[in-house]
Enquirer: 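Here's a structure for you.
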Protein chains: 2
Amino acid sequence: MSQKPFVSAQEVAERAGVSRSAVSRTFTPGASVSPETRRRVVEAAEALGYHVNHLARGLMLNESGIVCLIVSDMGTPYRSSLIRAVTQQLQDAGKIAMLVNTDRSDGSVDLALRQAIRYRADASIILSGMPDKSITQLCLKNGQRLVLINRDDDQEGPLRINLDDAAAAGRLVTAFLRAGCRRLAFANSEAGTPSLMAREHGFVTAAKTMGVEVVVERYGSTGYESGRVLAQRLLTLSERPDAVFCATDLIACGFMDAARHQFSISIPDQLCVAGFDDIEQAAWSSYQLTTFGQPVEAIAREAVTWLGRDDAEDPSARNHSVRLNADLVWRSSIRGG
Amino acid sequence: MSQKPFVSAQEVAERAGVSRSAVSRTFTPGASVSPETRRRVVEAAEALGYHVNHLARGLMLNESGIVCLIVSDMGTPYRSSLIRAVTQQLQDAGKIAMLVNTDRSDGSVDLALRQAIRYRADASIILSGMPDKSITQLCLKNGQRLVLINRDDDQEGPLRINLDDAAAAGRLVTAFLRAGCRRLAFANSEAGTPSLMAREHGFVTAAKTMGVEVVVERYGSTGYESGRVLAQRLLTLSERPDAVFCATDLIACGFMDAARHQFSISIPDQLCVAGFDDIEQAAWSSYQLTTFGQPVEAIAREAVTWLGRDDAEDPSARNHSVRLNADLVWRSSIRGG
DNA sequence: TTGTAAGCGTTATCAA
DNA sequence: TTGATAACGCTTACAA
């Protein structure tokens with residue numbers, strides 16, 4: 001069994017008493033084969049446990065059916081939920097996901113990516129906010145279609161799926177003001193990815209429009225610990241903020257925990273807090289965080305349907321950009337509502 | 001470019017002025033090729049952007065380098081951290097991960113798995129607790145090596161990686177008793193996977209040995225919401241527990257939140273809580289949960305190194321079982337420590 | 001050390 | 001509708 005565990009179309013053909021092309025046609029959608037032949041082939045295939053070899057198939061068709069998911073921080077709630085959604089929808093579309101972790105930045109990223117290229121993935125979906133241009137170039141150069149999620153890239157070719165980060169952030173200013181807040185703050189990471197910066201910029205300019213200044217603080221990654229540090233900095237200001245918009249939910253959770261447990265601040269009475277992503281934890285009763293929901297299912301759907309379109313018959317598909325809305329999920333970390 | 005984006009060994013050979021076998025040998029570890037030839041080949045390959053086609057290579061060698069990760073609930077903190085660890089280590093070992101989501105149980109699991117089989121994955125790693133025997137059979141029958149994580153399966157062939165769930169759970173009884181707790185409870189999910197049941201059983205029997213009864217309650221999935229429901233049930237008992245061991249950290253978080261916010265119970269003063277997995281949230285200051293750490297890196301290492309071993313030269317590798325320790329991570333959800 | 005040639009399991013083309 | 005045949009890009013005897 002370790003010697004030859006796999007059944008080939010040849011063997012199926014022999015058992016069914018037909019040619020191997022008949023077998024191939026049976027498993028090729030839209031090929032012409034008589035009901036009788038098909039029946040016999042299917043029967044033989046079933047009995048032998050035959051599975052079409054996609055390695056060989058991909059070689060022939062120059063189309064592997066493999067889609068490469070390039071992602072950093074995949075242990076993170078938002079990232080992992082996006083991976084889940086995309087993987088599921090790819091499966092539903094008859095494709096399969098390959099996973100490439102880009103956590104380490106020391107060239108091993110490049111190595112892993114080349115590894116994926118060797119498998120002739122039809123496409124790559126870049127879920128990470130990593131602003132590394134060489135990655136996208138490498139994918140494109142190898143004939144892969146490319147989907148960039150939350151990356152404000154203006155290159156030609158890839159599908160770009162973005163959120164209305166800035167607009168969403170702007171809407172939040174109104175909510176804060178309506179709650180009676182006057183001293184607004186923005187707690188950001190230093191990562192500087194386009195979507196993070198768009199949230200900051202959208203928030204700050206909208207506030208300015210309404211005649212309110214915003215204190216902006218940036219620190220570290222987009223995780224929980226950064227939120228704690230940012231709280232240290234913002235909550236010790238002489239003019240302490242009464243409303244803070246955190247660039248991610250994880251930052252918001254860290255911020256809230258520090259505010260409550262270290263500064264004994266009551267939320268939302270003394271401080272209103274909002275986040276972004278709507279991770280599962282945002283709904284936990286310790287946080288009840290008002291936040292913007294990432295439409296992960298919609299993002300996945302856009303990506304997968306675009307990949308399903310044949311770019312030969314649809315030239316517009318070669319260069320496409322989609323903007324989705326992040327809806328505000330109201331919970332009790334902001335007064336009123 | 002959309003026509004023929006990939007460079008073949010043939011083209012590299014022509015440019016380097018050698019035969020295509022020379023090219024192949026250059027990229028085959030341990031093949032004999034002169035330094036001069038190698039240099040010219042590498043140079044040409046570099047210039048052309050050549051990448052060995054692993055589809056074709058896998059076809060020849062009957063070894064794809066693909067490892068299939070079969071997993072449900074991959075958006076969950078513990079699952080996603082395990083996926084991250086395994087994916088990274090596979091990359092380091094020169095292999096690549098394929099991701100199969102088994103969330104939907106309605107035959108689409110089977111479909112997705114067959115999809116993976118078609119790619120002739122060398123191995124499958126089952127990360128999910130899904131006790132579906134047909135899946136393991138299907139993998140084995142198709143000549144894949146198999147790794148079962150946290151599945152108490154006694155089949156021959158696969159590598160089985162398990163934790164000392166029962167022993168760990170037993171140790172916790174001592175900790176609870178030392179904290180002065182007398183009314184012990186176990187909050188479990190209804191999922192009934194081997195590791196969950198081992199935790200329950202280990203806890204209950206260890207307590208019995210020490211002359212203490214345990215109230216066991218089971219409900220729903222292994223998630224946060226189940227914890228809330230379990231809290232409703234256990235904290236309304238006439239003899240209210242003063243210590244509860246939750247089968248997973250997510251259950252523990254839900255339990256703690258309900259205990260505090262609905263029952264105004266102070267932790268750890270009035271109630272000691274412990275969990276299992278050591279997810280990131282367990283360290284958050286709202287929880288500070290004492291819990292057992294899943295050794296995800298060690299699990300991943302065991303799996304990947306086993307896959308790297310050639311089973312032909314190491315017959316014992318065909319049937320191997322590993323038991324790892326879950327270490328108790330002390331935080332402040334239990335008195336003392 | 002090198003090149004030639006066969007074969008891996010497919011699908012597409014083309015007669016029959 | 002069917003079967004033979006030629007690719008696809010690779011590795012590996014085998015011969016030079």
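Not measured: the values here are computed from a predicted model.
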Enquirer: Are the charged groups of B/Glu43 and B/Arg39 less than 4.0 angstrom apart, N to O?
Expert: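 Answer for the salt bridge query: yes.
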Enquirer: Looking at DNA chain C, which of residues 40-51 of chain A put a heavy atom within less than 4.0 Å of it?
Expert: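 Hits under 4.0 Å, by residue number: A/Tyr50, A/His51.
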Enquirer: Measure from the side chain of B/Ser24, starting at C-beta and using heavy atoms only, and say which of D/dT12, C/dG7, C/dT2 lies closest.
Expert: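 Looking only at heavy atoms from C-beta outward on B/Ser24, the closest nucleotide is D/dT12.
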Enquirer: Does any non-hydrogen side-chain atom of A/His51 lie less than 4.5 Å from one of B/Arg120?
Expert: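 Result yes, sub-4.5 Å side-chain heavy-atom pair found.
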Enquirer: Quick one: the side chain of B/Arg118 and the base of C/dG9, do they pair up donor-acceptor inside 3.5 Å?
Expert: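 It does not, because no donor-acceptor pair links the side chain of B/Arg118 to the base of C/dG9 below 3.5 Å.
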Enquirer: Test ring pair (Phe, Tyr, Trp, His ring centres under 6.0 Å) on B/Tyr50 and B/Phe27; report intermediate values, then the result.
Expert: CA-CA 11 Å; B/Tyr50 170 71; B/Phe27 293 103; 5.4 Å; yes
Enquirer: For B/Arg160 and B/Glu302, what are the C-alpha separation, side-chain angles and deciding distance, and is it a salt bridge (Lys or Arg N to Asp or Glu O under 4.0 Å)?
Expert: CA-CA 10 Å; B/Arg160 304 177 303 277; B/Glu302 288 289 342; over 6 Å; no
Enquirer: Can you tell which of D/dC10, C/dT10, C/dG3 lies closest to the side chain of B/Arg57?
Expert: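 Between D/dC10, C/dT10, C/dG3, the one nearest the side chain of B/Arg57 would be D/dC10.
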Enquirer: Please pick, from D/dT12, D/dT2, C/dA12, the nucleotide with the shortest atom-to-atom distance to any side-chain atom of A/Thr28.
Expert: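 The answer is C/dA12, which lies nearest to the side chain.
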Enquirer: Tell me whether the side-chain N/O atoms of A/Ser19 come closer than 4.0 Å to OP1 or OP2 in D/dG3.
Expert: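 The answer is yes; a side-chain N or O of A/Ser19 sits under 4.0 Å from OP1 or OP2.
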Enquirer: Base of C/dG3, side chain of B/Arg25 - is there a donor-acceptor contact under 3.5 Å?
Expert: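 Indeed, a donor on one side and an acceptor on the other fall under 3.5 Å apart.
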Enquirer: Could you work out how much the helix from C/dT1-D/dA16 to C/dA16-D/dT1 bends, comparing the axis of its first five pairs with that of its last five, to 10°?
Expert: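 That helix gives 40° between its end axes.
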Enquirer: So, OP1 or OP2 of C/dT2: does either fall under 4.0 Å of a side-chain N or O from B/Ser34?
Expert: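 Yes, such a contact exists.
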Enquirer: Looking at the side chain of A/Ala9, which of C/dC8, C/dT10, D/dT2 is the nearest nucleotide?
Expert: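 Of all the options, the side chain of A/Ala9 is nearest to C/dT10.
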Enquirer: On DNA chain D, check which nucleotide each of A/Val18 and B/Leu61 is closest to and give me the residue with the more 5' one.
Expert: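 The answer here is A/Val18.
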